[in-house]
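Single-structure report; data block below.
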Amino acid sequence: MAGADGDDSLYPIAVLIDELRNEDVQLRLNSIKKLSTIALALGVERTRTELLPFLTDTIYDEDEVLLALAEQLGNFTMLVGGPEYVHCLLPPLESLATVEETVVRDKAVESLRKISQEHSPVDLEVHFEPLVKRLASGDWFTSRTSACGLFSVCYPRVSSTVKAEIRQHFRTLCSDDTPMVRRAAASKLGEFAKVLELDYVKTDIISLFTALASDEQDSVRLLAVEACVSIATLLPQEDLETLVMPTLRQAAEDKSWRVRYMVADKFSELQKAVGPEITKNDLVPAFQNLLKDCEAEVRAAAANKVKEFCENLPEDNREQIIMTHILPCVKELVSDTNQHVKSALASVIMGLSTILGKDNTIEHLLPLFLAQLKDECPEVRLNIISNLDCVNEVIGIRQLSQSLLPAIVELAEDAKWRVRLAIIEYMPLLAGQLGVEFFDEKLNTLCMAWLIDHVYAIREAATCNLMKLVEKFGAEWAQNTIVPKVLGMANDPNYLHRMTTLFCINALSEACGQEITTKQMLPVVLKMSNDQVANVRFNVAKSLQKIGPVLDSNALQTEVKPVLEKLASDTDMDVKYFAQEAISVLALA
């Protein structure tokens, strides 16, 4: 029996070896995903002595199999016997960190970073740090790029001599011959700076930052901009001007638009990192230039930051800076030739009204909002409408309605149905802001007109809109203003409009309550059961099912049941089906 037992315990690894040598990629992938189960079956010792060496030797597979393996190994600590044996996972992960496919390498680095936390300081120096060194001095650029992501996780927990070696390796990689390696180093510069002692940040990191920020490759320079945020937050205020600003000024005027884009994209973070004085003297002119940049992508990225930038300006002279330096640029962007720029600006420009106050908003911003509301690009118009509420808070409803409402009414009748749809979706919010009298006077007719729009999506949204309005303004308002108009459409010659009546009744019955539904809506629905068009008749059955729960049992038995029974023997299959479904759901059988 002992022999059989021995064979039995070899079984999982034998199956795994078979599956991993199978020609079918999917089978190999599945077996890798079951690795933890296999490791459990083998026990910690055999996982260390048999499974891991086997995996380390077989790393030459399809990328998706390797990716799954790299991910699995990051969660293997307990399966090899806990933190004291975690270094056994390093050989297979080291191999994976050198493969050609970037996704696999990144996942291997992620797993290595994860398990580095589980190494004791001694194990870090004995096992992990040598691995980082091997990767950092590897012949292939793939291993050197992987090393860049590992310095910051082992640096804080090693002795000062090892720290010096790690800094030296990082320096070397920052000036590597291969752009991909420099790019990887630049992308980890900020992260590495955060774990270094301040003196080394000033001596080592700044010189690396300056070098990477003037690299010949724009893909390296733009990553240095990203690191700039982290570095600036680490340094004391007095050192920023000399150590960081020259490089940042240079990046904001870089010949490559990608680098300028990165500066624009990170502008708010840079502004917070460098503080108010430098913002006033340096960043305001830089921001003006980015807003006027010759590349649309850069202008759009800067336009996106207008509100945040203005909010974070020092309060004592915020208004003066905005009015003299920022607003003129914003005015130009409103009529930019590129729609992405205009759209980016429209999504944030309304926020300026809370910063500038009522008088400035009415005098300077309202004309801009109006221009954007009439822009030929639907997205620009939509972004303005979606942010009206913050302007309303500043200038009040009267002013808003006189200036912007005509433009909104115009959009509600726009030829493009998506524009009309956007306005409908905004209507309940607008109604809540304008109040009921104002709404009845100016917007009610619009809401009713949408119910007979030729696009179904608009009719559907208009129905939903009515329900939200009734929830806002109450059942009495609905009874006087909405219900009569909706029920009037039941006699419309166009069957699509007659169906809209039913859809509205479905949506409104709950909000309007039992009395209105029973006395006013139900008779209309019942009458429509004789409609010539089968589509209308089966929608009658669906409507009765929907409004049934609102009605009392008397109405259900005496009025609804006979009609549903009649529809259940209709000549049309669909009408029959929906009538029978309604009978069973309402338990009228």
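We use all heavy atoms of the structure for the numbers below, so side chains are in, but hydrogens, waters and symmetry mates are not.
T102 is linked by a side-chain hydrogen bond (donor to acceptor under 3.5 Å, both in side chains) to nothing, counting only residues two or more places apart in sequence or in another chain. For A184, the side-chain contact (heavy atoms from CB on, under 4.5 Å) criterion is met by T145, C148, not counting sequence neighbours. Remark: S343 pairs with E379, N383 by the side-chain hydrogen bond (donor to acceptor under 3.5 Å, both in side chains) rule, at least two apart or across chains. Judged as a side-chain contact (heavy atoms from CB on, under 4.5 Å), and not counting sequence neighbours, the contacts of V341 are A296, R299, A300, L333, D336, N338. Remark: Q520 pairs with Q479, V483, L487, I516 by the side-chain contact (heavy atoms from CB on, under 4.5 Å) rule, at least two apart or across chains. Annotation: side-chain contact (heavy atoms from CB on, under 4.5 Å) contacts of D552 (sequence neighbours excluded): Q514, N554, A555.
Side chains of T500 and I452 form no contact here, defined as non-hydrogen atoms less than 4.5 Å apart.
Under the salt bridge (charged side-chain N to carboxylate O under 4.0 Å, His left out) criterion, the residue pairs touching residues 509-519 are E515-K519, with sequence neighbours excluded. For residues 494-503, the set of pairs meeting the salt bridge (charged side-chain N to carboxylate O under 4.0 Å, His left out) definition, not counting sequence neighbours, comprises R498-D531. Applying the ring pair (Phe, Tyr, Trp, His ring centres under 6.0 Å) definition to pairs two or more places apart or across chains, those involving residues 513-547 are F538-F578. Evaluation of the side chain to side chain donor-acceptor pair (under 3.5 Å) test over residues 448-471, restricted to residues two or more places apart or in two chains, returns R420-D453. For residues 467-510, every residue pair satisfying the ring pair (Phe, Tyr, Trp, His ring centres under 6.0 Å) rule, not counting sequence neighbours, is listed here: F439-F473, F473-W477.
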Pairs of donor and acceptor atoms involving the side chains of residues 543-551, under 3.5 Å and at least two apart or interchain, shall be tabulated with distances.
unit_1: S543; atom_1: OG; unit_2: N506; atom_2: OD1; d: 2.8
unit_1: S543; atom_1: OG; unit_2: N539; atom_2: O; d: 3.1

